[in-house]
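The block underneath contains the structure these notes are about, expressed in structure tokens.
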Amino acid sequence: MSVERYNARAIEPKWQRIWDEKGVFRAVDDPKQPKYYVLEMFPYPSGKIHIGHGRNYVMGDVVARYKRARGFNVIHPMGWDAFGLPAENAAIERKVHPRAWTYENIDTMRAQLKLLGLSLDWDREIATCHPEYYARQQSLFVDFFSEGLAYRKESDVNWDPVDHTVLANEQVIDGRGWRSGALVEKRKLSQWFFRITAFAEDLLAGLDTLDRWPDKVRLMQRNWIGRSEGLTFTFDLEDADGNLIDDKLTVYTTRHDTIFGASFCAVSPDHPLAVSRESAIPDVAAFRREFAALGTSEEAIERTEKRGINLGVYARHPFVEGLRLPVYAANFVLMTYGEGAIFGCPGHDQRDLDFARKYDLPVIPVVMPADADAATFAIADEAYVQKEGDNTVLINSRFLDGMSVPQAKEEIARRMEGAGAGRRTVNFRLRDWGISRQRYWGCPIPMVHCEACGVVPVPKDQLPVLLPDDATFDKPGNPLDHHPTWKHVDCPSCGKPARRETDTMDTFVDSSWYFARFCSPRAAEPVKREIVDYWLPVDQYIGGIEHAILHLLYARFFTRAMQRCGHVGLAEPFAGLFTQGMIIHETYKDPAGNWLFPDDVTRHEDGSVTVTATGAPVSVGPAEKMSKSKRNVVSPEEIVDTFGVDAARWFMLSDTPPERDSEWTQAGIEGAWRLVQRIWRLVGETSALAGGEVAIDAYGPAAMDLRKAAHKALSRVGEDIERLRFNVAVAHIYELANTIGTALQAMRGENAPDVAAALREAVELLVRMAAPMVPHLAEECWTVLGRETLLAATSWPEVDPAMLVEDTMVLPVQVNGKKRDELVIARDADNAAIERAVLELDGVRKALGGAAPRRVIVVPQRIVNVVA
RNA sequence: GCGGGCGUGGCGAAACUGGUAGACGCAAGGGACUUAAAAUCCCUCGGCCGCAAGGCCAUGCGGGUUCGAGUCCCGCCGCCCGCACCA
């Protein structure tokens with residue numbers, strides 16, 4: 001029999017239309033039903049999507065469709081992270097208004113996403129740049145402000161003196177502004193902050209409850225929060241002549257046990273003590289300027305060579321009479337951490353050691369492994385830093401000698417506290433979140449500066465503070481700031497003329513609560529409490545690993561802040577998190593070094609690649625993240641047009657584990673297309689052979705094998721999807737398709753109603769287990785099989801547990817850990833019977849060579865190992 | 001610099017909680033069908049030795065723990081990612 005080819009181009013839009021008309025993906029706010037919230041990180045509308053963007057949406061869609069089939073009320077929304085810098089750059093470069101540019105991109109990308117056949121509830125679509133959204137964000141800001149969670153303080157920014165603008169770290173290239181090329185200065189600006197540190201302890205503790213998050217993300221957040229327990233204490237200072245001076249130096253340390261190894265103190269170049277010496281020591285001023293030129297990136301600061309400058313003051317050692325430590329301003333000490341000042345112990349900190357070697361400062365080991373010899377223990381190029389659990393002993397430390405590190409810490413803390421010179425402190429690396437951006441295309445911060453009343457929030461009934469449409473982008477600086485009228489308002493408190501805040505919010509704010517807004521996207525308040533209580537938390541969140549720290553931490557903070565203001569009833573927004581890998585693609589360059597699109601090149605049989613138009617040779621680069629600039633992109637339209645979206649979805653789920661990067665190849669998409677055709681053929685041939693359901697009294701062995709294979713596959717695919725192991729689910733579906741194909745061939749010309757019935761059952765199960773991945777094909781097959789329901793609204797098939805058990809098992813048999821034979825035995829055989837049977841096996845007897853075994857280890861249902 | 005991750009055939013990979021390494025797919029080679037091609041189907045496919053039966057080696061490298069290690073521990077090597085104003 002011949003079966004016509006599956007015509008994806010005609011069939012896929014048909015089912016998309018039907019799903020849409022029947023509204024099967026609409027999420028209904030019905031607290032009586034068990035809910036499941038699937039969310040992929042929403043996209044920035046940058047222009048067009050390429051096929052690489054599709055991967056995480058497809059993964060989320062598989063989960064959404066599967067959970068729907070499992071009986072959950074699924075919410076699977078989509079929106080746009082629509083504020084941000086690129087829109088403003090487009091405004092500058094192409095003279096388009098950021099709004100027009102953004103909404104045009106949204107329209108393009110929405111149409112592209114719809115091609116992917118995602119089971120999204122488009123009725124809940126939101127865009128963060130829409131006043132409906134940012135109005136509510138401003139209202140949340142006002143709430144946070146009244147709770148003390150939003151405040152203003154001075155902080156450092158990268159300042160471009162030509163463009164009059166603040167630069168992102170990534171816009172600072174070799175110390176210069178990316179657009180102007182001007183040398184960037186670090187400058188203090190009064191900025192808005194969210195008090196994320198108020199939740200530092202809770203954000204850390206909360207990580208322990210997130211058992212469906214990847215360990216590595218939790219670890220990254222833990223390290224980012226950076227909780228440490230240490231000692232804050234104060235040194236007396238003296239001048240070069242040994243006279244006590246008024247200033248004191250407060251430091252924070254976690255290594256107070258090494259106080260007898262201290263050989264210097266160091267403060268940040270921004271520390272008041274360094275600033276105060278600026279006039280006295282000209283080099284200090286120069287050093288501070290140099291430090292400022294490093295910008296605000298912690299990476300740049302830590303990578304630079306460790307240098308310092310002697311401030312000409314000395315810290316008196318708290319325990320050694322007459323010992324004084326020179327105080328340096330050092331470029332590796334951050335003002336934002338601890339007290340902005342440290343004491344340096346070169347023996348036990350690599351940075352301190354590098355610094356000490358450079359400036360010829362003493363290196364005194366004060367901690368060594370417990371089994372080392374104090375007389376000979378010395379530090380060369382590497383500081384000795386003990387690991388947790390190491391057995392250590394203090395040396396060269398007077399009253400601490402012989403103690404372990406924890407004992408010594410305790411002793412110093414006790415003495416310092418007793419003397420009133422210090423206190424035990426808990427410190428965090430986490431800093432408050434600076435949200436001020438001196439930009440146009442963002443959510444205006446709803447505050448007014450009044451000379452009489454100070455900083456006053458815009459009352460909620462006067463929100464939103466709308467962005468003015470008529471901003472201009474041809475002048476450097478913040479368009480809101482030079483708008484002729486926008487910032488001039490009357491003070492909401494006293495009514496006198498006042499000035500609007502012209503900073504807008506970091507776009508991370510927009511993405512910190514969108515998942516909550518999706519629950520009640522058109523509500524007048526930010527969220528409707530009873531509805532958000534039903535839908536949250538997000539059960540499965542899917543996105544890139546690049547968001548492992550900032551976005552996820554900010555969203556966790558935001559949820560806590562909203563909880564404090566009564567908007568939500570929980571602290572953790574994302575119960576399950578999955579971080580997917582990117583789609584990558586080879587890059588192509590012509591002889592002149594121009595990047596080429598995959599479409600522009602031809603791959604020949606011998607593996608060579610040429611420019612299709614000219615025949616010129618192409619140099620092929622390794623697979624990299626798809627990017628417009630390198631042109632290694634594949635458009636979804638083209639793929640859908642040629643192979644259909646199901647083939648594309650299948651390919652994106654196949655082969656590579658979802659958390660790893662996956663390479664897009666022509667061979668891969670062709671293979672996926674073949675699978676689509678193959679399922680179609682299997683369904684066609686089977687339905688021709690076994691039209692409807694037939695009741696069978698007794699299945700023969702061939703039919704039973706088929707049924708068992710089908711139910712095993714069903715059981716595994718279900719587990720695989722639950723665990724998000726899509727590539728393994730795909731493999732199990734291939735396996736079943738192979739089994740069905742073989743059975744179909746064996747059936748040719750035979751009249752075996754039991755096998756025909758088993759085939760039909762197996763094929764139906766195949767279609768249903770593949771449905772979350774290739775939903776259009778599955779719907780069409782479902783129809784061919786004579787079913788009249790909508791598969792997208794049909795529940796997941798039940799596994800028949802009787803089909804999963806076998807009466808015999810095959811046990812691999814090892815001798816000394818090497819496999820020598822296999823034992824086929826009844827599943828319920830006891831260990832003694834297994835042992836006896838094993839020793840009879842040829843392979844075992846041969847390997848033993850007549851000797852008696854010393855031991856036989858039987859691992860039930862798994863393996864047998866004979867120890868000779 | 002600090003922090004995190006990864007490493008298995010020609011390629012993407014699988015291997016539950018320490019229990020048969022290489023399932024499944026891609027590529028390649030051989031064959032069937034066909035006037036021919038496409039499509040489809042069948043066979044082979046980690047390396048070495050062997051006519052075969054079979055044996056030895058093999059999960060980046062070097063050690064260790066264990067009856068048994070891709071999996072656990074220690075030490076290296078290589079690659080990738082994040083570092084607070086890109087989103």
Side-chain angles (χ1 to χ4, degrees), chain A residues 5 41-44 46 81 83-86 157-158 165-172 191 214-217 219-220 222-224 226 296-306 332 336 350-351 354 429-439 506-508 510-511 544-551 553-554 607 651 654-657 659-663 665 667-668 670-672 674-675 677-678 681 719 723 725 727-728 730-735 737-738 741-742 745 810-822 843 846 854-857 859 861-868:
Chain A
R5 259 203 197 168
M41 291 180 183
F42 67 162
Y44 178 77
S46 57
D81 191 11
F83 274 136
L85 209 47
V157 295
N158 297 310
T165 181
V166 175
L167 298 176
N169 283 332
E170 72 156 19
Q171 295 174 322
V172 181
Q191 310 228 74
D215 286 342
K216 72 168 163 181
V217 174
L219 188 59
M220 283 162 90
R222 196 166 284 133
N223 290 334
W224 187 261
T296 60
S297 140
E298 190 168 307
E299 183 189 359
I301 291 166
E302 294 219 5
R303 266 178 190 277
T304 198
E305 190 199 358
K306 317 262 167 292
F332 61 91
T336 49
Q350 193 58 43
R351 290 183 302 188
D354 296 344
R429 205 185 78 97
L430 183 69
R431 313 199 292 256
D432 276 337
W433 173 16
I435 60 153
S436 277
R437 300 291 182 267
Q438 293 68 37
R439 306 231 161 84
D506 179 4
T507 57
F508 269 126
D510 313 339
S511 54
I545 186 71
E546 67 274 19
H547 294 294
I549 297 174
L550 293 183
H551 161 60
L553 194 61
Y554 291 154
F651 178 40
S654 302
D655 293 346
T656 306
E659 69 279 7
R660 242 181 258 181
D661 287 350
S662 167
E663 188 176 353
T665 61
E670 283 166 8
R674 279 199 296 272
L675 183 275
Q677 296 298 336
R678 191 152 156 230
R681 228 166 29 240
E719 284 167 22
R723 288 167 55 219
R725 307 290 289 159
N727 58 322
V728 186
V730 161
H732 287 136
I733 289 172
Y734 268 113
E735 235 168 356
N738 290 344
T742 308
Q745 285 223 318
V810 182
L811 283 182
V813 179
Q814 298 179 328
V815 176
N816 290 336
K818 281 188 195 249
K819 192 196 160 193
R820 295 298 173 184
D821 214 326
E822 274 180 353
K846 208 170 132 195
R854 285 201 294 161
R855 236 174 115 188
V856 179
I857 296 161
V859 185
Q861 311 292 314
R862 283 224 174 269
I863 202 168
V864 182
N865 192 14
V866 179
V867 186

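Just so it is clear, the values below take in all heavy atoms, side chains as well, and ignore hydrogens, waters and symmetry mates.
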Between [options], which nucleotide gets closest to the side-chain atoms of [X]?
{"X": "A/Glu170", "options": "B/A84, B/C86, B/G7", "answer": "B/C86"}
{"X": "A/Arg820", "options": "B/G55, B/C83, B/U20", "answer": "B/G55"}
{"X": "A/Lys306", "options": "B/C26, B/A84, B/G1", "answer": "B/G1"}

Using a cut-off of 4.0 Å on non-hydrogen atoms, how would the nucleic acid contact of [X] be classed: base, sugar-phosphate, or nothing?
{"X": "A/Lys819", "value": "base"}
{"X": "A/Asn158", "value": "nothing"}
{"X": "A/Leu85", "value": "sugar-phosphate"}
{"X": "A/Phe508", "value": "base"}
{"X": "A/Gln677", "value": "nothing"}
{"X": "A/His551", "value": "nothing"}
{"X": "A/Val157", "value": "base"}
{"X": "A/Gly668", "value": "nothing"}
{"X": "A/Asp81", "value": "sugar-phosphate"}
{"X": "A/Pro43", "value": "nothing"}
{"X": "A/Trp224", "value": "base"}
{"X": "A/Thr304", "value": "nothing"}
{"X": "A/Val859", "value": "base"}

For [X] and [N], is the shortest distance between a side-chain N/O and OP1 or OP2 below 4.0 Å?
{"X": "A/Arg725", "N": "B/A14", "result": "yes"}
{"X": "A/Lys818", "N": "B/C57", "result": "yes"}
{"X": "A/Asn223", "N": "B/C2", "result": "no"}
{"X": "A/Asn738", "N": "B/A23", "result": "no"}
{"X": "A/Arg660", "N": "B/C79", "result": "no"}
{"X": "A/Arg303", "N": "B/C83", "result": "no"}

### Message
Taking only the P atom of each, what is the distance from B/C24 to B/U35 in whole angstrom?
### Response
34 Å

### Message
Measuring only the C1' atom in each nucleotide, how far is B/A28 from B/C45? A whole number of Å is fine.
### Response
8 Å

Whole angstroms only, please: what is the [atom1]-[atom2] distance between [X] and [N]?
{"X": "A/Arg222", "N": "B/G4", "atom1": "CZ", "atom2": "P", "answer": "11 Å"}
{"X": "A/Ile733", "N": "B/A13", "atom1": "CD1", "atom2": "C1'", "answer": "17 Å"}
{"X": "A/Asn169", "N": "B/C86", "atom1": "CG", "atom2": "P", "answer": "6 Å"}

### Query
Side-chain donor-acceptor pair under 3.5 Å between A/Asn816 and A/Arg854, yes or no?
no

### Message
When you compare the side chains of A/Thr296 and A/Asn169, does any donor N or O come within less than 3.5 Å of an acceptor on the partner?
### Response
yes

### Any strand: nucleotide that pairs with B/A28 via Watson-Crick or wobble, under 3.5 Å
B/U44

What I want to check is whether an N or O donor and acceptor connect the side chain of [X] with the base of [N] at under 3.5 Å.
{"X": "A/Arg854", "N": "B/C67", "value": "no"}
{"X": "A/Glu298", "N": "B/C83", "value": "no"}
{"X": "A/Gln191", "N": "B/C85", "value": "yes"}
{"X": "A/Asp655", "N": "B/G12", "value": "yes"}

## Note on the structure
Expected label for B/G7 (glycosidic angle, syn inside 90° of 0, else anti) would be anti

### Task
Answer yes when A/Arg429 and A/Glu298 have at least one side-chain N-carboxylate O distance shorter than 4.0 Å, and no when they do not.
yes

### Message
Looking at A/Glu719 and A/Arg723, is there a salt bridge between them, counting it only when a charged N and a carboxylate O are closer than 4.0 Å?
### Response
no

